[in-house]
Protein chains: 4
Amino acid sequence: MPKIGMEPLRRRALIDAAISAIGERGSLDVTMSDIAGRGGGTPALAHHYFGAKEDLLFSAMRHILAELGRDLREAVAGLSGAARISAIIEVNFSPKQFRPEIIAAWLAFYVEAQRSPSLRRLLRIYARRLNSNLLFALRPLMPAAEAARTAEGIAALVDGLYIRHALKDGAPDAASAIALVEDYLALRLGGSRHA
Amino acid sequence: MPKIGMEPLRRRALIDAAISAIGERGSLDVTMSDIAGRGGGTPALAHHYFGAKEDLLFSAMRHILAELGRDLREAVAGLSGAARISAIIEVNFSPKQFRPEIIAAWLAFYVEAQRSPSLRRLLRIYARRLNSNLLFALRPLMPAAEAARTAEGIAALVDGLYIRHALKDGAPDAASAIALVEDYLALRLGGSRHA
Amino acid sequence: MPKIGMEPLRRRALIDAAISAIGERGSLDVTMSDIAGRGGGTPALAHHYFGAKEDLLFSAMRHILAELGRDLREAVAGLSGAARISAIIEVNFSPKQFRPEIIAAWLAFYVEAQRSPSLRRLLRIYARRLNSNLLFALRPLMPAAEAARTAEGIAALVDGLYIRHALKDGAPDAASAIALVEDYLALRLGGSRHA
Amino acid sequence: MPKIGMEPLRRRALIDAAISAIGERGSLDVTMSDIAGRGGGTPALAHHYFGAKEDLLFSAMRHILAELGRDLREAVAGLSGAARISAIIEVNFSPKQFRPEIIAAWLAFYVEAQRSPSLRRLLRIYARRLNSNLLFALRPLMPAAEAARTAEGIAALVDGLYIRHALKDGAPDAASAIALVEDYLALRLGGSRHA
DNA sequence: AATGAATGAGCCTTCATTCAT
DNA sequence: AATGAATGAAGGCTCATTCAT
């Protein structure tokens, strides 16, 4: 019995289903049937709402990024300097983000982005925003050139720790991941003082 | 015109073709037809030599790792301490390894490894070997605990820089990648003195 | 033009098509394409309804057995003793069952049953039921041991006549087949009196 | 190192391999590769000696029939009347013939004969010869019409018992099979006396 | 005599997508 | 709004067969 206002609910359910399917399978080659099944619908319904598989996957990635963006905004609100950077780091490894499911989906989208211009654009926008965020907090603490390098280092470390945890069994170890990045930050801050 | 002793040549050609196809497509979902075509054969021939697609892809990954392993061994021969570590870093970003094709294949295999136990095993063996290598060189320079952490940081940075370059257009920038990791190493070495 | 409620119709059409194809070819190695074509569909449709070729073939055999079972039940209703046995014999050689198409399919399934546990189970269930039926009617007419032997003899004769008719051209000769088995029965009945 | 006079040995080895493969698989759809492997050769070699798969299979069936024919001739030599018939029956269920392997191959060839005219011809020739043999022995014992019917009954029983044993697990029970056919014969003989 | 090399043809199966209901 | 029905297209894989050596 079709109800009014079902559209956003359906879309959301399908997106969640897609992320769950991708996370579980560890790659984007999940079937529309599988996704639709998890979302309590049929493949035809998924097409009805998203047009094509590619669009659904794109929406799923956008959803993941949006969630992360929201978490980041909330976490850094009112903070500046080193505290702000620490907050950014912590969000990336928060229980909500640093889950096997999200890690796997993230990685899968990264791979797919090499082929899909729209996905690549999406990921780049996020990367740029993260970079801005880091730079904004780092600039008062060190010279511009070093700030840029530090931002790049932090981002690379975060990505590297994500990919490395994708291969490990069991729950990812957020604490040591955070410690590693914080250490890097501390060295940079300490090092710049002595430079 | 069938000739004798073709097996090693064919196998090599097919492996190269697979890497090339994967690198170009940015993912493992290439067809046997495509691979075989690039390798100058037919899909049936590829099956003849490798049994199944999975085996061919596995062999391709093993080949990439073997090449990297050989390069590493040659690079570190006779070196120790910081020089040894620098050599390891440089090899990872050498023109032969840090190519779009190899970067993309690497990433694709990383993703697939989440599903394929045999691939995961392969990648883990390599990761462990790299870790041993780094630890061996770091141990004389710092306390054991910090050496472990440093090795993990270097490895994460390398992986992170690989994945980040997968999203960039054009030729990857090896120089700045190396600089970033070397910086990290230098900080760790300097920092340990002051700790 | 897809209509609703097609499933039972399609399934039936495909099963009939399978039996027809198998009967014509004289073996189970018919293609899904052939079956689907006869059934007015595509191979994909056949998979949609049956999952896999094996399942379709299994369903076809089950259908043949179900039809035979129904015919048998109707034929023996209310009969007992020799009349019941005669009815059983006649059903096996009735125009509906003793057709080249069905004979060939039967034989093909018999062969396949050596490899397929599920098919073997199916055929065994039928064989056991036929045996029970025969025994039930024979027991009042002769000692238990001889009843068992007679049942086995009748079953073997029926199977033997089926297989022998598979090799003959033209329409199978039901009348003489029935006469042969009835003769055997008469001898057993008469013979037991003199034993 | 190719030797002179290898041809008959190779052919025989390949035929044995074919029978073994067919018997084990329970059907004719064995691969040339499998057969050749068992026979200690390559598929190309099998083609070299037999031309095509069909020819090899045909030769295998002919070999089985020839062996059976030889056994029969030896068994009936010097015998006549009921003893001759008993001998024929016993040969059919002798340890050499009534083996799972041979039973399965026999059945598989029976099925294939529906499609292959040459195989059908082969089997028919054998059937006719068996019939002649039985008739020759039966004629002195009963009227022509009944002799014909008895011969057909015996043949049907034998075939039926073969096919029924194909479905059973474990070693076939020759003793009870022989008893069943002998019983039938005895009934016919006894019955004709009282007719 | 014997085989490694190679392939064309074919089959089962999957899946995104469309369409009528 | 939602779905059962249906399919075209494509892919992995097998295998009998051929050919040069």
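Quick note on labels: first sequence line is chain A, next is B, and so on, each numbered from 1.
- The pair D29(D)-R115(C) meets the salt-bridge criterion, with a side-chain N (NZ, NE, NH1 or NH2) lying under 4.0 Å from an Asp/Glu carboxylate O.
- Within the 4.0 angstrom heavy-atom criterion, no nucleotide atom of any strand lies near P43(B).
- Distances shown here put every side-chain N or O of Y49(B) at or beyond 4.0 Å from the OP1 or OP2 atom of dG4(E).
- Atoms CD (E54(D)) and C1' (dT17(F)) sit 14 Å apart, rounded to a whole Å.
- Atoms CZ (R25(A)) and C1' (dT14(E)) sit 12 Å apart, rounded to a whole Å.
- One interatomic measurement links the two molecules: CE of M32(D) to P of dT7(E), which rounds to 21 Å at whole-angstrom precision.
- For L45(A) and dA5(F), the CG to P distance is 17 Å, given to the nearest whole Å.
- Among the heavy atoms of the strands lying under 4.0 Å from H48(A) are primed sugar atoms or P, OP1, OP2 only; no base atom is included.
- With rounding to whole Å, D29(B) atom CG is found 10 Å from dG11(F) atom P.
- Remark on DNA chain F: of its neighbouring residues A44(C) and K53(B), the 5'-side contact belongs to A44(C), judged by nearest-heavy-atom nucleotide.
- When each of G40(D) and G41(B) is assigned the nucleotide of DNA chain E with its nearest heavy atom, G40(D) is the one assigned upstream, toward the 5' end.
- Contacts of F50(A) with the nucleic acid, taken as non-hydrogen atoms under 4.0 Å apart, are absent.
- Considering only the side chain of A52(B), dC13(F) comes nearest among dT7(E), dC13(F), dT17(E).
- Per the geometry, CD1 belonging to I4(C) stands 9 Å off C1' belonging to dA20(E), to the nearest Å.
- Where G51(C) and G5(B) meet DNA chain E, the nucleotide closest to each residue was compared, and G5(B) sits on the side nearer the 5' end.
- Ionic pairing of R62(C) and D55(C) is not present here: no N-O contact between side-chain nitrogen and carboxylate oxygen is shorter than 4.0 angstrom.
- Pair assignment for dA20(F) gives dT3(E), based on Watson-Crick or G-U wobble hydrogen-bonding distances that are each under 3.5 Å.
- Using a 4.0 Å cut-off between a side-chain N of Lys or Arg and a carboxylate O of Asp or Glu, R70(B) and E67(B) qualify as a salt bridge.
- Note: CD (E7(C)) to P (dT3(F)) measures 16 Å, nearest angstrom.
- Of the possible donor and acceptor atoms, one in the side chain of R120(C) sits under 3.5 Å from a partner among the backbone N and O of A113(C).
- In this structure, the separation between CG on D16(C) and CZ on R38(C) is 11.5 Å, given to the nearest 0.5 Å.
- Between R10(B) and dA6(E), a side-chain N or O to OP1/OP2 separation shorter than 4.0 Å is present.
- For the pair H47(C) NE2 and dT7(F) P, the interatomic distance rounds to 14 Å; values are reported in whole Å.
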